[in-house]
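Atoms within a ligand are numbered from 1 in the order they appear, just like the ligands themselves.
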Amino acid sequence: MPFATGEKATTFRREGILFVISAPSGTGKSTLCENLRRTPDFIFSISCTTRKPRPGEVDGEDYFFLDEKQFFEKVAAGEFLEYAKVHGCWYGTLRRTALEALSKGTDVLLDIDVQGAKNIRNQEDARLKSALVDVFIMPPTLAELERRLRKRGTEDEKEIARRLERGREEMKAWKEFKYTILSGSMEEDLTKFRAIMRAERYLSRRLTLYDGG
Ligand code: 5GP
């Protein structure tokens with residue numbers, strides 16, 4: 001049926017969108033994702049990591065905290081959609097959770113690093129490619145990134161220097177992303193991200209007419 005006719009209301013169905021957010025450490029991406037997590041708009045994919053939990057972090061909520069042996073058992077079993085070493089620890093996105101949600105029409109939000117985004121972008125799977133919307137959050141300046149990293153107060157001087165150096169490298173990758181948000185205040189970043197989210201949800205190619213059957 002090319003279009004709906006008569007009295008019957010038109011309804012659409014669509015596959016889920018895989019929103020990937022990447023940014024240099026300290027940009028404010030985690031806070032942005034936390035704000036987005038509070039809305040019923042998507043499921044947030046909880047990654048596995050070999051990093052030790054920070055105070056207040058909860059296993060199964062913030063991450064699934066694993067040791068290297070457990071992590072690499074999952075690698076061997078093909079359980080990760082992507083995985084990468086970030087700041088000396090391993091991080092991986094669980095394939096099943098993400099793909100199951102997408103096939104049910106639920107949008108998925110991934111907070112992953114630049115390598116992870118590249119890894120997903122380079123996958124052959126046509127459905128994954130069509131579902132992917134990758135967004136880079138660009139710090140306004142390196143000085144501002146440094147200021148934000150220091151304000152967070154979770155890293156020592158050596159770690160701040162390492163993260164800044166890595167941030168400088170990661171910022172070079174912005175053109176590979178479909179969208180780039182120049183980071184301002186948290187509210188501004190949220191507004192910009194929501195604009196992307198809304199437009200992507202109305203893409204005609206994602207929709208199919210639903211006849212109630
Ligand atoms: P943190 O340890 O500060 O929570 O995260 C460090 C970095 O790892 C962040 O840039 C975060 O986006 C990234 N990260 C978190 N989970 C994953 C994942 O599953 N895969 C990849 N590639 N990066 C991740």
Notebook entry, point to check: Atom OG1 in Thr106, atom CD1 in Ile17: separation rounded to 0.5 Å?
Noted result: 11.5 Å
Number the atoms of ligand 1 from 1 as they appear, then name those within less than 4.0 Å of a heavy atom of [X], with their elements.
| X | value |
| --- | --- |
| Gly116 | 22 (N) |
| Arg51 | 1 (P), 2 (O), 4 (O) |
| Asp111 | 11 (C), 12 (O), 14 (N), 15 (C), 16 (N), 17 (C), 24 (C) |
| Gly92 | 18 (C), 19 (O) |

Next item on the list: Show the numbers, then the answer: is there a salt bridge (charged side-chain N to carboxylate O under 4.0 Å, His left out) between Arg37 and Glu34?
Entry: CA-CA 5 Å; Arg37 267 177 95 164; Glu34 269 163 37; over 6 Å; no
Please list the nearest protein heavy atom to [atom] with its residue and the distance rounded to 0.1 Å.
| atom | result |
| --- | --- |
| atom 19 (O) of ligand 1 | Ser47 OG, 2.7 Å |
| atom 1 (P) of ligand 1 | Tyr63 OH, 3.4 Å |
| atom 23 (N) of ligand 1 | Asp113 N, 3.1 Å |
| atom 6 (C) of ligand 1 | Tyr91 OH, 3.6 Å |
| atom 7 (C) of ligand 1 | Val86 CG1, 3.7 Å |
| atom 20 (N) of ligand 1 | Glu82 OE2, 2.6 Å |

Under a 4.5 Å side-chain heavy-atom rule over Ile, Leu, Val, Met, Phe, Trp and Tyr, are [X] and [Y] clustered together?
| X | Y | value |
| --- | --- | --- |
| Ile46 | Leu94 | yes |
| Leu110 | Tyr63 | no |
| Leu190 | Phe19 | yes |
| Trp90 | Val75 | yes |

Notebook entry, point to check: So is Tyr83 close enough to ligand 1, meaning a heavy atom under 4.0 angstrom away?
Noted result: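 Distance cut 4.0 Å: Tyr83 fails for ligand 1.
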Check: Judged by modelled atom types alone, do Gln123 and Asp125 share a side-chain donor-acceptor pair under 3.5 Å?
Finding: no
Margin query: If only side-chain N and O atoms count, and only distance matters, is there a donor-acceptor pair under 3.5 Å linking Glu82 with Thr93?
Written below: yes
Next item on the list: Cation-pi check, Arg14 to Tyr202: give yes when NZ or CZ is under 6.0 Å from the six-membered ring centre and within 45° of the ring axis, no otherwise.
Entry: no
Note to self: If you measure every N or O of Ala84 against every N or O of ligand 1, does any of those distances drop under 3.5 Å?
What the structure shows: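 By distance alone, the answer is no.
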Next item on the list: Give yes if a backbone or side-chain nitrogen or oxygen of Lys29 is under 3.5 Å from a nitrogen or oxygen of ligand 1, and no if not.
Entry: yes
Check: Which of these, Arg95, Arg96, Lys74, sits in a salt bridge (Lys or Arg N to Asp or Glu O under 4.0 Å) with Glu79?
Finding: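 Answer to the salt bridge (Lys or Arg N to Asp or Glu O under 4.0 Å) test with Glu79 among Arg95, Arg96, Lys74: Lys74.
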Margin query: If we set the cut-off at 4.0 Å for heavy atoms, which region of Ile112 has an atom near ligand 1: side chain, backbone, both, or neither?
Written below: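 Ile112 to ligand 1: contacts from backbone and side chain alike.
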Checklist line | Arg54 contact mode with ligand 1 (heavy-atom cut-off under 4.0 Å) | finding: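 Near ligand 1, Arg54 shows its side chain, while the N, CA, C and O stay back.
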